[in-house]
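A short write-up of the structure that comes next.
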Amino acid sequence: MTMSAGHLIVKTLEAHGISRVYAVPGESYLDVLDGLHDSSIHTVVTRHEGGAGFMALAEGRLGQTPGIAMVTRGPGAANAMIAIHTAWQDATAMVLFVGLIPLADRGRDSFQEFSLGGWFSTTAKGVFVLDDEHQAGDLVARALRLASTGRPGPVVVGLPEDVLVRLTESPLPALLPLPTSAPSAASLDALATALASAQRPVIIAGGDDWETHTSVALADFAAAAHVPVLADWRAYDVINHESPAYAGWLGYGRAERTVQALNDADLLIFIGCTRSDVLSEGYKAALNTPTIVVSTDAELIGHAGRIDAHLSVSPAELVTALPQGGTVRGTRGPAWMDTQRAQQLAFSRPGPDGGTGVDLGIAFEALEAALDPDRILTYGAGNATLWGHRYLSHHGPKSLVGPRNGAMGLAVPAAVAASIMYPGRHVVAICGDGDFFMNAQELAVSFAHGGTPLVIVADNGIFGTIVAHQQNHYPQRPSGTAMENPNFAQWIQSFGGHGEFVETTADFAPALERALASGKPAVLHLKTDPSTMGPGTVAHHELATR
Ligand SMILES: CC(=O)[C@](C)(O)C(=O)O
């Protein structure tokens, strides 16, 4: 069948199971937009390309296909860059389509021209340009595949506007199954032997590649084998927090004890993640501990320190092939795991922070109790996220989106996308005031597409993480870290949403109940104490020195 390259791109996306694209329109890719007009794909128009990119990232993390964003030429690509960096560092599958200037105008510094490869090549798995209309389908199929295989990540595809309208008779590309593998009997034996002789093993699980049954299999195995499981930074949803093996998480704001567990361990098994900069506390913790890594990334990008074995399989391929946990206990009793677990339960038990305004320690206890177990939580960056990390629980995979690269502005667009994807589930963005207003505009998209996210904004009027660093290095000289905020409750009300301005701790729980019952996109604007830098025992100086 004859069709334009732009339409063939849309047909290929449909055939690959893509159900939504997140787009800021541009005249450079009109033909793709035209193809979307009659497509089963739902086009979610966002208000900023950073929002489109972050929503695609959320789709890639919470769904079954890479997330798709579409933007136009230099300005659009520039705005979308933050999501590509995040998807790269976080290892999340997404494809960014960028409409480009016509081929004939190339190299003349024509209107909005830029170098796609120059901008993205160091932070994407691949950068392709469609220079031949007959390749349109194959290029899209290749981009989707590359985004998902090995270490997942972002792929960028440039679409010159004149190539998009050319006609082609190329057929839809065949759907290629993704590669599968299985751990060898020898590597499983070696893993079992190492586990059976370890007294203090720890499993560290992370990445996006978890489903309910694989997460349950991991939890069952670990509990029976008496091995505590720690979650990677902002991958806390890899395991049900009610599992007796779940022992907390690593990364900024972590319990001291989780790092201690790494340092005390005599065997570390990383599944779906690596001993990264953040996990190793800046390339310091447990670098020389006997280590088994389970990852489909042959290069193990970002891994620091010792490796005794690398099983090149996915978490699913490993955990469904594991022996019964009870067979690899050796002489290890439950004490090591139980101690870690007990300490995690204590760490995650909310308590008051003190200070003025809304006490987040108390508010988050109410939040944890009010949310359904299948809640989806989204985060941006900043100290405000730490209350959620510490006090809110996950009960299964694909229920968290947070920037492992520390990118601000992710929480709102991720929540909007999550709520469009999963209507009826509680979706809550946990934001500081800095993070919230970096991409707050994307809440407008919820009104157009039916999502009902709740945003909790902890407004202390400062970029708190940076103030914590300043207190450590330049005491009593805060500089460049203050903000003036509008009333965010009135702001969301002006859209037709539910907004409440909450100034006292006692007012929080009733406001939360009303927000969840409202059936509308909602913002709870909490005034909080700028001198409270983090939850509970996370002291100012401790965050600042990390
Ligand atoms: C704690 C902090 O602000 C970080 C590390 O930048 C983040 O939240 O990503």
Side-chain angles (χ1 to χ4, degrees), residues 50 53-54 57-58 61 82-92 206 231-237 248-256 258-259 273 276-285 302 347 353 360-361 364 377-392 400-415 428-439 455-473 478 480-483 528-546:
F54 276 151
L57 179 111
R61 198 162 296 175
I82 188 170
I84 296 301
H85 182 254
T86 306
W88 172 259
Q89 291 225 306
D90 290 22
T92 296
D232 188 5
W233 164 239
R234 292 190 173 143
Y236 320 133
D237 56 343
W249 45 273
L250 293 158
Y252 302 105
R254 79 281 178 271
E256 270 307 314
T258 55
V259 182
C273 62
S276 61
D277 177 1
V278 174
L279 287 201
S280 64
E281 304 274 301
Y283 307 115
K284 288 194 283 287
F347 180 74
D353 298 313
L360 292 177
F364 273 65
L377 305 175
T378 71
Y379 295 98
N383 281 10
T385 65
L386 299 178
W387 279 270
H389 293 357
R390 182 164 172 176
Y391 298 139
L392 300 181
L400 183 154
V401 185
R404 295 191 271 268
N405 73 338
M408 289 179 67
L410 173 57
V412 170
V428 185
I430 309 294
C431 306
D433 44 337
D435 187 72
F436 174 60
F437 238 38
M438 206 170 263
N439 270 321
V455 186
I456 308 278
V457 188
D459 166 15
N460 60 1
I462 54 171
F463 285 91
T465 307
I466 312 311
V467 170
H469 285 282
Q470 287 177 330
Q471 282 178 347
N472 196 39
H473 298 285
T481 40
M483 282 173 282
T528 61
D529 188 337
S531 64
T532 304
M533 288 287 149
T537 57
V538 182
H540 304 186
H541 73 275
E542 186 195 325
L543 281 169
T545 51
R546 298 275 341 268

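Whatever order the structure lists ligands and atoms in, that order sets their numbers, starting from 1. Computed over heavy atoms, backbone and side chain alike; hydrogens, waters and symmetry mates excluded.
For ligand 1 and Tyr252, the ligand atoms under 4.0 Å from any heavy atom of the residue are 5 (C). Distances below 4.0 Å separate heavy atoms of Asn383 from the following atoms of ligand 1: 1 (C), 3 (O). In summary, the atoms of ligand 1 found under 4.0 Å from a heavy atom of Gly406, numbered by their order in the structure, are 9 (O). Using a 4.0 Å cut-off to heavy atoms of Gly382, the atoms of ligand 1 that qualify are 2 (C), 3 (O), 7 (C), 8 (O). In the vicinity of Thr465, heavy-atom distances shorter than 4.0 Å reach the ligand 1 atoms 2 (C), 3 (O). Those atoms of ligand 1 that come under 4.0 Å of a heavy atom in Ala381, given as number and element, are 7 (C), 8 (O), 9 (O).
No side-chain donor from either of Trp88 and Asn405 sits under 3.5 Å from a side-chain acceptor of the other. Residues Thr532 and Asp353 bring no donor and acceptor atom of their side chains to less than 3.5 Å of each other.
Below 30°, between 30° and 60°, or above 60°: for Tyr236 and Trp249 the angle between ring planes is between 30° and 60°, a tilted geometry.
Under a 4.0 Å N-O distance rule, the pair Arg234/Asp90 does not qualify as a salt bridge.
With a 4.0 Å heavy-atom cut-off, ligand 1 is reached by the side chain of Arg234 but not by its N, CA, C or O.
Checked against Pro403 for a side chain to side chain contact (heavy atoms under 4.5 Å, CB included), the options Thr378, Thr86, Thr92, Thr385 give a single hit: Thr86.
Taking the ring centre of Phe347 as origin, the terminal cationic atom of Arg390 falls inside the region bounded by 6.0 Å and 45° from the ring axis.
On a distance-only criterion, Leu386 and ligand 1 share no N/O pair closer than 3.5 Å.
For Trp233, the closest heavy-atom approach to ligand 1 falls below 4.0 Å.
The distance from the CG atom of Asn460 to the CE atom of Met483 is 6.5 Å, given to the nearest 0.5 Å.
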